[in-house]
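The structure appears right after this line, and notes come after that.
A quick note: this is a predicted structure, and the numbers were derived from the prediction, not measured.
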Amino acid sequence: MQLTQKLDLFPEYVVTQLLFKDVKNAADLRKSAIAQEISGALINPAMIVDPFQILVAANKALHVQKVGKMKTRSLYSEIIFNLSPTNNISEAFKKFGLSDGDGAVAVVLVHAAEETRSTDDILAKVDGQQIPVNQISCLTDVAKIKKLFKITPQEEHSGTLLDAVICRMAIKDVL
């Protein structure tokens, strides 16, 4: 059900993703994350096309942490920020972070590869049904994503929605 992947640029780290639907306690989870009682990023899965999108954001967050160029206060907030096509931190949290009324949540954990990280604490805190991460597309709001990332019909013909989103995420610091 969960997806754990080693980072190519940082093979000493792994990213674990969990996905939940029918979540009834989003407000409590968000408060716990703000209070740093949850050691993970809580993401609105409606804004995620594919788990690879989260992996790219985590990889970039870990990189900027290592070089001391983070724009947010923690690795997990940096992951949420990196999902956004803009450099507006508060906007990134509104669009990609968990909101009080959300009915689904993607949880992202980053830890050392040799560290066996238990997800039991997360499973115990989320009042919802865990589903396989590869089913995230059933929770995706494609129209919202196309609007936010300004995806043109021409782009959709030459590549996938995921390609366009990843490109926007990658170049936001350049533009």
Side-chain angles (χ1 to χ4, degrees), residues 1-5 7 10 13-112 115-131 133 135-136 139-141 144-145 147-149 165 168-169 172-173:
M1 288 246 217
Q2 71 186 35
L3 177 63
T4 300
Q5 297 168 289
L7 292 172
F10 304 99
Y13 289 94
V14 294
V15 174
T16 299
Q17 297 181 50
L18 300 107
L19 183 62
F20 299 88
K21 69 176 187 175
D22 302 326
V23 174
K24 294 170 184 60
N25 64 334
D28 294 336
L29 291 170
R30 195 173 79 74
K31 286 176 191 160
S32 293
I34 291 169
Q36 296 181 346
E37 296 165 0
I38 294 178
S39 185
L42 303 180
I43 297 170
N44 177 359
M47 300 304 293
I48 304 300
V49 178
D50 188 270
F52 181 69
Q53 185 180 348
I54 292 173
L55 196 62
V56 169
N59 210 6
K60 187 173 181 184
L62 198 54
H63 170 72
V64 295
Q65 182 187 50
K66 295 277 188 199
V67 297
K69 301 226 181 208
M70 287 195 343
K71 293 180 178 158
T72 66
R73 296 180 190 190
S74 75
L75 177 66
Y76 294 119
S77 59
E78 197 73 21
I79 291 171
I80 295 170
F81 173 69
N82 285 326
L83 289 166
S84 176
T86 71
N87 282 308
N88 185 324
I89 296 170
S90 63
E91 188 70 20
F93 276 92
K94 284 179 194 166
K95 300 287 186 190
F96 293 91
L98 186 66
S99 297
D100 289 351
D102 288 345
V105 63
V107 182
V108 183
L109 312 168
V110 179
H111 51 94
E115 178 185 314
T116 52
R117 178 81 187 260
S118 173
T119 57
D120 292 345
D121 56 330
I122 298 292
L123 294 171
K125 288 180 180 171
V126 179
D127 182 9
Q129 179 188 351
Q130 186 179 10
I131 60 174
V133 174
Q135 291 182 10
I136 201 163
L139 302 171
T140 302
D141 188 332
K144 273 187 182 176
I145 291 171
K147 183 178 178 183
L148 178 67
F149 284 91
V165 167
R168 298 288 196 304
M169 288 169 51
K172 84 173 179 182
D173 294 328

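Note that CG of Leu19 is 5.0 Å distant from CD1 of Ile136, once rounded to the nearest 0.5 Å. From Asn82, atom CG reaches atom CE of Met169 across 6.5 Å, with rounding to the nearest 0.5 Å. To the nearest 0.5 angstrom, Thr72 atom OG1 is 6.5 Å from Ile89 atom CD1. Distance check, rounded to the nearest 0.5 Å: CG of Asp100 to CG of Asp28 gives 8.5 Å. Between atom CZ of residue Arg168 and atom CD of residue Gln53 there is a gap of 12.5 Å, rounded to the nearest 0.5 Å.
Heavy atoms only, all atoms of each residue included: Ala92 and Phe81 are closest at CB-CA, 3.9 Å. Heavy-atom minimum distance, Ile79 versus Ala57: O-CB, 3.6 Å. Taking each heavy atom of Lys144 and Met47 in turn, the nearest pair found is CB-SD, 4.1 Å. For the pair Ile131 and Leu139, the tightest heavy-atom approach, listed with the atom from each and the gap, is CD1-CD1, 4.1 Å. Across all their heavy atoms, Gln17 and Leu55 have their closest contact at NE2-N, 4.2 Å. For the residue pair Phe96 and Leu83, the shortest heavy atom distance occurs at CZ-O, 3.4 Å.
Checked by atom type and distance alone, the side chain of Ser74 pairs as donor or acceptor with a backbone atom of Ser77 at under 3.5 Å. With Lys172 contributing its side chain and Pro85 its backbone, the two residues share no donor-acceptor pair below 3.5 Å. Lys125 places a side-chain N or O within 3.5 Å of a backbone atom of Glu37 that can act as its donor or acceptor partner. Between the side chain of Asp141 and the backbone N or O of Ala46 there is no donor-acceptor pair closer than 3.5 Å. Side-chain N or O atoms of Lys71 include none that pairs as donor or acceptor with a backbone N or O of Asn87 at under 3.5 Å.
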>> Please determine whether salt bridge (Lys or Arg N to Asp or Glu O under 4.0 Å) holds for the pair Lys69 and Asp173, giving the CA-CA distance in whole Å, both sets of side-chain angles, and the decisive distance to 0.1 Å.
In response: CA-CA 12 Å; Lys69 301 226 181 208; Asp173 294 328; over 6 Å; no
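Between Arg30 and Asp102 there is no salt bridge, since no side-chain N of the basic residue sits under 4.0 Å from a carboxylate O of the acidic one.
Results of the side-chain contact (heavy atoms from CB on, under 4.5 Å) test with Val14 over Thr4, Val110, Leu109, Leu7 single out Thr4 as the only residue that passes.
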